[in-house]
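First the proteins, then the strands, lettered A, B, ... as listed; each starts at 1.
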Protein chains: 2
Amino acid sequence: MTSTVVLVPEERGVSVLGKLPGIRPVVYDPESGRLPDSARDAEILVANRIDPATAGALFAQLPRLRMVQLFSSGVERWTNVVPDGVVLSNADHAHGGAVAEWVVAQLLAHVRDLAGYRIKQENRQWQAHRTGTLSGSKVLVFGAGDIGENLLRRLEPFGCTVTLVGRTARAGVLDLHQARSVVGDQDVVILALPLDDSTVRLADADFLESMKGGAVLINAGRGELVDTDALLEAAGRVYAILDVTDPEPLPADHDLWSAPGVVVTPHAAGITDDVLDRCWAAAARKIGRYVDSSTVTAAS
Amino acid sequence: MTSTVVLVPEERGVSVLGKLPGIRPVVYDPESGRLPDSARDAEILVANRIDPATAGALFAQLPRLRMVQLFSSGVERWTNVVPDGVVLSNADHAHGGAVAEWVVAQLLAHVRDLAGYRIKQENRQWQAHRTGTLSGSKVLVFGAGDIGENLLRRLEPFGCTVTLVGRTARAGVLDLHQARSVVGDQDVVILALPLDDSTVRLADADFLESMKGGAVLINAGRGELVDTDALLEAAGRVYAILDVTDPEPLPADHDLWSAPGVVVTPHAAGITDDVLDRCWAAAARKIGRYVDSSTVTAAS
């Protein structure tokens, strides 16, 4: 049995993937886009720090390419770039925990008015005021995958009633159509869906108008899930906490930065100290499984 | 059977306690300290918005007093004030959820550097940086009661290893002595113990020096659990998030307000919109149970 050559964008990939049987990792430089000679036989490419818009030149040098492994959850920028017949594999279950942690962090900071109390500290003012609480609140999560499941586990102990929304209705999960009719009952609406034709501008003017005054919209999915102009109209009536925006990166002169009741972070929800540990663990899992199953197929 | 007269500090007590059998609620004005004539026979006093230092004058007017029901969890300011033989009852299980919510809110805000990202938003700067995560962190909670249990439930889904500390060691709970030897392993140390002779200045200079650099101390118990001077020495090496302080209220010119890496809030951890709901529910539970048990005793 010959080894499967896997191109990895950093030395760490050699130690992580080198432990898998039947795998030969070879380092390439994602910035230059040039490949070492030993790369020509590569069947799998681990893509990180590569702009999908210029990845075509890389793929053209890899006649035996069968799989592209990403470090991101979303694949939407790659689906039209990867050559026909090549498997596109995301970093499944790598980021859900960290993204859910960010969502709960921002939600709790909002509900418990940490910003208001920070100002009191700056003013050396010892005076409590009442704040909201998550206890008893209704939370609708668009996304029943990795982020959605991680949110459910973290939010329920705070006394929230959490409803998940997926592409297809099933036990405990509403579909997109059903979910629209309950948006008006929610204290918190969280977007954590993949971006595609069925979800683009899901949070449009109608959606935002149907939200309760004072409710919170959190976008931890993709910027294009929200109609930015409609959100700028709704800002002040509803709160918004956005880790992703449309456009992205958000230009310095964009109105979202200072819209009332809007918090913006720069696509940072998954960026914790252990992010590369999580990405490499996912890559090893997905590549190991792929090589196993294709070996079985080839042998049978 | 005659009714038990219960003095309540607001009209709401009439509707809440009036539902209990054998109870006759009578409203009094806690600010003036004067009692209506119908109060002389009161056997139970619900104490809120009363300064324990001046409560003696009130008690002197209540010869039949048998029980004082507080709205707080802590009883330490009342133990030497309540007449001999009178039962002192705290608001058991009223505040643990809200206080645990505040602790997790502050801890997540710290770990995920929401303050750093707020500044990036103010500067309209779209640039992510890595932050810490609760995932994989070790958390030691001094307090295995209402707050401790509520913290355990909320923190474990974030991937923390949580150890509780109580007055006596038992399954899953260290005692104070055992806990001291593991303080140095912890990423987060939370104080949520009642204040008494065994816990006063628990976090002294030795304790703080034994904490890892960069670890976080959170005080959600009583200010006197921490040696303030020692904390001012340790500030900068460890982080501190304090909802209670010694002295309290914290004077405007106190160094804690601006000590490096110190967050101060004004005893606000339990102050959410539903705080009075929680207090009255606890009062009804405790008073109902007390009257039931004393009726049984009298009848038997």
Could you name the residues of residues 223-233 of chain A that have a heavy atom within less than 4.5 Å of a heavy atom in chain B? none
Per-residue contact mode, B/D277 against chain A (heavy atom under 4.5 angstrom): neither
More than 12 heavy atoms of other groups within 6.0 Å of A/E31 CD: yes
Evaluate whether atom CZ of A/R77 has more than 12 neighbouring non-hydrogen atoms of other residues, nucleotides or ligands under 6.0 angstrom away. no
For the interface with chain B, which of A/N150, A/V275, A/D274, A/T245 has the highest count of heavy-atom pairs at distances below 4.5 Å? A/T245
Residue among A/G159, A/A269, A/A115, A/A100 with most heavy-atom pairs under 4.5 Å to chain B: A/A269
Residues 118-145 of chain A: residues contacting chain B (heavy atom under 4.5 Å, by number): A/R118, A/K120, A/Q121, A/R124, A/Q125, A/W126, A/Q127, A/A128, A/H129, A/R130, A/T131, A/G132, A/T133, A/L134, A/S135
I need the residue from A/L155, A/V263, A/L256, A/D273 with the largest number of non-hydrogen atom pairs under 4.5 Å to chain B. A/D273
For the interface with chain A, which of B/P266, B/A105, B/S258 has the highest count of heavy-atom pairs at distances below 4.5 Å? B/P266
What part of B/V264 gets within 4.5 angstrom of chain A, counting heavy atoms only: side chain, backbone, both, or neither? both
I'd like to verify something: which residue of A/H267, A/E248, A/R153 has the highest number of heavy-atom pairs under 4.5 Å with chain B? A/E248
Kindly write out the residues that satisfy ring pair (Phe, Tyr, Trp, His ring centres under 6.0 Å) with B/H254, not counting sequence neighbours, or none if the list is empty. none
Of the backbone (N, CA, C, O) and the side chain (C-beta and beyond), which part of B/R112 lies under 4.5 Å from a heavy atom of chain A, both, or neither? side chain
How long is the gap from CG on B/L108 to CG on A/L114, to the nearest 0.5 Å? 10.0 Å
Which region of B/L276, side chain (C-beta onward) or backbone (N, CA, C, O), has a non-hydrogen atom less than 4.5 Å from a non-hydrogen atom of chain A, or is it both or neither? side chain
Among all residues two or more places apart in sequence or in another chain, which pass the ring pair (Phe, Tyr, Trp, His ring centres under 6.0 Å) test with B/W280? B/F71
In terms of heavy-atom pairs under 4.5 Å with chain B, which of A/A98, A/G97, A/P251, A/A109 leads? A/A98
Residue B/D253 versus chain A: region with a heavy atom under 4.5 Å: backbone
